[in-house]
Structure formats: C-alpha cells, structure tokens
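Notes follow the structure.
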Amino acid sequence: MKLDRRKFLRGISASGALVRIGLPPLAAMFNFNGTAYAAPAKKGDSAIESRFMIWWNGNGIPERYWIPETTGPDYELSPCLAPLEPVKDYVHVISGIDNVAARLNGQGNGHFTALCGSMTGTAYTGRGASGPSIDQILAAKMGAKSRFHSLQIGVAQESHGENVHRNMSWAGYDRALPPEMIPQNLFDRLFGKKDQNWVGRKESILDLVGGDVAELKPALGHEDQQRLEEHLSSVRDLERAIASLPPDYGKNLKEPEDISDLTDYPKIAKIQSDLLVQAFATKQTRVASYMLTKCQSLTRFPWLGLSANRHHDYTHNNAGSPEQQRILRDITRWHVEEFSYFLQRMKAVPEGDGNLLDHTACVYIHEHAEANPHKCNGLAALVAGGGIKGGTHTKSHNSFGDIYSTIADEVLKAPIGKEFPTAEEKMSELI
C-alpha cells in the first residue's frame, strides 16, 4: 500500500467542527530505498521535501562562556553549548558573524536595529523592518503547497510592547507577522477548529478520528502501525500537557515590572517545540520562525533561581563582573537547552532513509554578541540539520546574509540571490 504524504485523519464533532490529524512519515509513503516519496504509476518519485526553521533569542551572550575556545572538528563545547552534546554532529557553530544592516541608520536603541538587521537585512524604519524576513523570503519559494505558508511561534511574552519588540517575522515594510505564543491556540490551528466538547481537553480529538484510524491501520505494515501509534500517543501527550497549563494562561499578562511572574517557560517552550515538530512531520508547513524570548527581553527566570531582575537588567547592571557573567551564562545556556530539545525531537522522528532533522535546516541566532554594548559584530550562530557540515566550529568574517544565502542556495535548493540584502558570498565551510 502506498500512501499520499499529505493524507489527514479526519473527523467531525457533534457541533460540526472539523478535526484533522496529519500522518507522520510512514514507510508506505516512500520508495523502496526510502530516498524519495513514492509516486503513482507512470509518475516519477518526488524528492523528500526540505524545511527551514529560524530560532531567535533576545539580548546577547557572554562571549567567554558561549564561544568555543578552539575551531575545527576537534573543538570542545563551551559551558553554554554543553546541552548540544546529543546532537553535536548535526551542529555547526559559527562565530565572528557581522550584522551589517544593524548599522544602516541611527534610529532606535540598538535593539530594534539588531532585530531588523538579523532577520531582514534591512534598516529599522522607526516602527519596524524595511523588508521581508528570511523566513518569509523562503516561504514564498517553498511554502506554496503546504497547508500553512509558514508558522510563526513564540514562547516568552514579556516585552516593552512596541511592534519591533514583539515580532521577528516580517512580510514586508512595517508588516509584522506576530508569533503564536499560546499553546492552546497553536494546537487548535494544527489539529482543528475549536469545539467545546474537546477544547477544554476533557475529551481527546483522537476520539473523533477513530474511524479513519480503524480503516487505515490494518493496511499498514507492522513498523508503520507502530509509528502511527507513537504519533497518536504524542498528540494525546500534547493534549495532556496543554490541559495542565493554568486555565487563564495567556489571558492575564504580567506587566514587565511585575516580579511575581513565575511562568514556567521551559514547559511552554517544550510544548511549542513539540507542536512545531508535529507540523513539520505531518507536512503542514515547510517554514517556521521561533521566538524564544522577545527583543530587549524582559523575561525572568525563576527555574534558574533568577527572578530578582529581568533579562535586560542583567545585561546592563555591572554586566562584566564575574557574578553577572555567570548569570548570563546560565540564561543563555537555557536558550541552548531548548534549541537542543527541539533538534533531538526532530532527530527522533524517522523519515524515509533518515529522520526529520536530516531534511531540515535550522538557524539559531541572538540579538547581540556581548549584550551590554549592544555589539552587532563578532556575533555567534548555530546552523544545524541535513546538508550542513556538523560537528565543527568556524570563526568567520561573514554576515547573516551569507549564512542565509548559503543555506537557501546549497541546502534547500531555493536560491534567493540578493533578495536578502546583506548576502555577499557563499560560505563553503558550512556545507
């Protein structure tokens, strides 16, 4: 039996709400070697689709704890990068990156120009970015056949509140694409319309697709039956995780000065990451942006024992002291922990002759290098996934645009030319 890779399990609730659950990559969807999607008779097999995800973190890094001391394949992970150990072979660490566009004009406070430059390669207009962000440039080339042209996902919600603080993705001049920060809402977008019978998670949406499951399962091989069961169980796990959140999560936002904000963002981040893995695995999108913390982040970190101040405060209050550097080390290590969790979840999902991560290019960036001086040169980035030369550290002179154009042209096969304004040259060391 050969399956359409875009097949959904469908159901309708008593109130008429449509539910759809995409299938994971099953062996029945691929050719004999698992190297391409199987096609109907008289049609050629089609290549496994590539995907792109960009991850953004507010404020900067403590360079001494973040950037590895040596370059090349024998480098040792720094204290901040230690969580990458399980996926080190997939990750290329790059230091010395220049955010050229952050210096295009003097508007803003250094945070605004950094976000606009890193994501769009354009100047800050006074309200937002001057052009489309890299995820949207690629979505225009890769997203046409997907259910979602692209997905914008966020986690931490604290910000000063301006448009440029809250948004990393831009459709064009001053046209922000806000991230979905509420797991309940993202779940509903991926799996179906809201219905009171299950939106409160008292029942499972799996109950509504039981007929399709019963019809499909006997036609699958043993391995695919196991993958289907694991996939459906992961959907149920997500339902339970979301049901465990406070009922008013996302409705009663704390003010930035509120020291009582003890939100469990590690839990939220993992739910959001699991939802994105679901979206990629079920072919609902090929492009996503992920904003862990906001521009000029005001997040508090009670799970790290750091709730007295906000992230931005730590970056400027005696930031060079040993104590403050260790605090920034712990904060930015948490950023990497969440990224590593996402990579590991992608790696755990089989797809053809490899896994989801083998067919996805992921880029991880920060707003600044050292945060206190708002440093926009000598930045560090992580590039991970299939087609990337992993397990190494490169010290570079290139720009964000060079990273993006190399990935787009050489890995994703979706050439962008000069559509990202600061792209000048390819980085052969990446591939």
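Only heavy atoms go into these numbers, but all of them, side chains included; no hydrogens, no water, no symmetry mates.
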Taking atom types as modelled, find out whether Q278 and T282 have a side-chain donor-acceptor pair closer than 3.5 angstrom.
no
Is the backbone of V336 close enough, under 3.5 Å, to the side chain of S340 for a donor and an acceptor to pair up by distance?
no
pair C376-H368: side-chain heavy atoms closer than 4.5 Å
yes
Side-chain ion pair, E239 and R236, N-O less than 4.0 Å:
yes
So the ring pair (Phe, Tyr, Trp, His ring centres under 6.0 Å) pairs with at least one residue in residues 406-431 (sequence neighbours excluded) are Y404-F420
Could you tell me whether the side chain of N163 reaches within less than 4.5 Å of the side chain of W170, counting heavy atoms only?
yes
Please lay out, stage by stage, how E158 and R300 fare under the test salt bridge (Lys or Arg N to Asp or Glu O under 4.0 Å).
CA-CA 9 Å; E158 295 85 358; R300 298 180 190 273; over 6 Å; no
Please check this pair: side chain of S399 against backbone of T422, looking for a donor-acceptor N/O pair closer than 3.5 Å.
yes
R147 (side chain) donor-acceptor with L190 (main chain) under 3.5 angstrom
yes
With R227 as reference, evaluate H231, E230, E223 under the side-chain hydrogen bond (donor to acceptor under 3.5 Å, both in side chains) test and give the passing residue.
E223
Going by atom types only, do D358 and N355 share a side-chain donor-acceptor pair under 3.5 Å?
yes
Indicate yes or no: does D313 engage R310 in a salt bridge with an N to O separation below 4.0 Å.
yes
To the nearest 0.5 Å, tell me how far M291 CE sits from I54 CD1.
11.0 Å
Going by atom types alone, do H311 and T293 pair a side-chain donor with an acceptor below 3.5 Å?
no
Charged N-O contact under 4.0 Å between K217 and E229
yes
With rounding to the nearest 0.5 Å, note down the distance linking CG in N167 to CG in L115.
8.5 Å
Evaluate the side-chain proximity of I94 to I403: yes if any heavy-atom separation is below 4.5 Å, no if none is.
yes
Looking at K418, I want to see if its NZ is surrounded by more than 12 non-hydrogen atoms of other residues, nucleotides or ligands under 6.0 Å.
yes
Do the ring planes of W66 and H366 sit parallel (below 30°), tilted (30 to 60°) or perpendicular (above 60°)?
perpendicular
Shortest non-hydrogen pair, A123 vs S130, comes out as O-OG, 2.5 Å
Ion pair check, K145 and E49, cut-off under 4.0 Å:
no
I153 CD1 to Y290 OH distance, which is reported to the nearest 0.5 Å:
7.0 Å
Can you name the nearest heavy-atom pair linking P421 to T122, along with the distance?
CG-CG2, 4.0 Å
Side-chain H-bond candidate by donor/acceptor type, W56 with S289, under 3.5 Å
no
Can you give me the closest heavy-atom contact between P183 and I271, atom names plus distance?
CB-CG2, 3.7 Å
With distance as the sole test, does E367 use its side chain to make a donor-acceptor pair with the main-chain N or O of G58 at under 3.5 Å?
no
Please name the pair of heavy atoms, one in S169 and one in D135, separated by the smallest distance, quoted to 0.1 Å.
OG-OD2, 2.7 Å
Could you tell me which residues satisfy salt bridge (Lys or Arg N to Asp or Glu O under 4.0 Å) with E85, sequence neighbours excluded, listed by chain and number?
none
Listed partners of K283 passing salt bridge (Lys or Arg N to Asp or Glu O under 4.0 Å), at least two apart:
E351
Student check: side-chain heavy atoms of M181 and R166 closer than 4.5 Å:
no
Show every salt bridge (Lys or Arg N to Asp or Glu O under 4.0 Å) that has at least one partner inside residues 378-387, sequence neighbours left out.
none
Quiz item: cation-pi between K347 and Y90, 6.0 Å / 45°
no
Answer yes if the side chains of Y249 and Q157 hold a donor-acceptor pair under 3.5 Å, and no otherwise.
yes
Which atoms form the tightest heavy-atom contact between T332 and C80, and what is the distance?
OG1-SG, 3.3 Å
Aromatic plane relationship, W55 with F342 - under 30° parallel, 30 to 60° tilted, over 60° perpendicular:
tilted
When rounded to the nearest 0.5 Å, the distance separating CG of L382 from SG of C362 is 10.5 Å
Rounded distance [0.5 Å steps], CG in N99 versus CG in N377
9.5 Å
Do I12 and L208 come within less than 4.5 Å of each other through their side chains, counting heavy atoms only?
no
Go through the structure and list residues passing salt bridge (Lys or Arg N to Asp or Glu O under 4.0 Å) with E419, not counting sequence neighbours.
K141
Taking the six-membered ring for Trp, are F112 and H165 closer than 6.0 Å centroid to centroid?
yes
Can you find a heavy atom in the side chain of V209 that is under 4.5 Å from one in the side chain of F8?
no
Using the rule side-chain contact (heavy atoms from CB on, under 4.5 Å), only one of V93, N57, L292 pairs with Y364; which is it?
N57
Give the minimum heavy-atom separation between Q272 and G154, together with the two atoms involved.
NE2-O, 2.9 Å
Any donor-acceptor pair under 3.5 Å linking the side chain of D224 with the backbone of A28?
yes
Can you check whether I137 reaches T120 side chain to side chain, under 4.5 Å on heavy atoms?
no
Can you tell me if D402 uses its side chain to pair, donor with acceptor, with the backbone of M427 under 3.5 Å?
no
Hey, mind stepping through R103 and D98 against salt bridge (Lys or Arg N to Asp or Glu O under 4.0 Å) and telling me if it holds?
CA-CA 10 Å; R103 299 188 294 275; D98 193 8; 2.9 Å; yes
Could you check T285 against H149 for side-chain hydrogen bond (donor to acceptor under 3.5 Å, both in side chains), going step by step and ending with a plain yes or no?
CA-CA 6 Å; T285 192; H149 186 75; over 6 Å; no
What pairs with E180 under salt bridge (Lys or Arg N to Asp or Glu O under 4.0 Å), at least two apart in sequence or on another chain?
none
Under 3.5 Å, is there a donor-acceptor pair between the side chain of T125 and the main chain of R127?
yes
Check ion pair R10-D212 (N to O, under 4.0 angstrom):
no
Answer yes or no: is there a donor N or O on one side and an acceptor on the other, between the side chain of E338 and the main chain of A269, under 3.5 Å?
no
salt_bridge(D274, R345) N-O dist < 4.0 Å
yes
Less than 4.5 Å apart, any side-chain heavy atom of Y37 and any of N31?
no
CG-OG distance between L379 and S396, expressed to the nearest 0.5 angstrom
11.0 Å
Relative to each other, are the rings of H374 and H312 parallel, tilted or perpendicular (30° and 60° limits)?
tilted
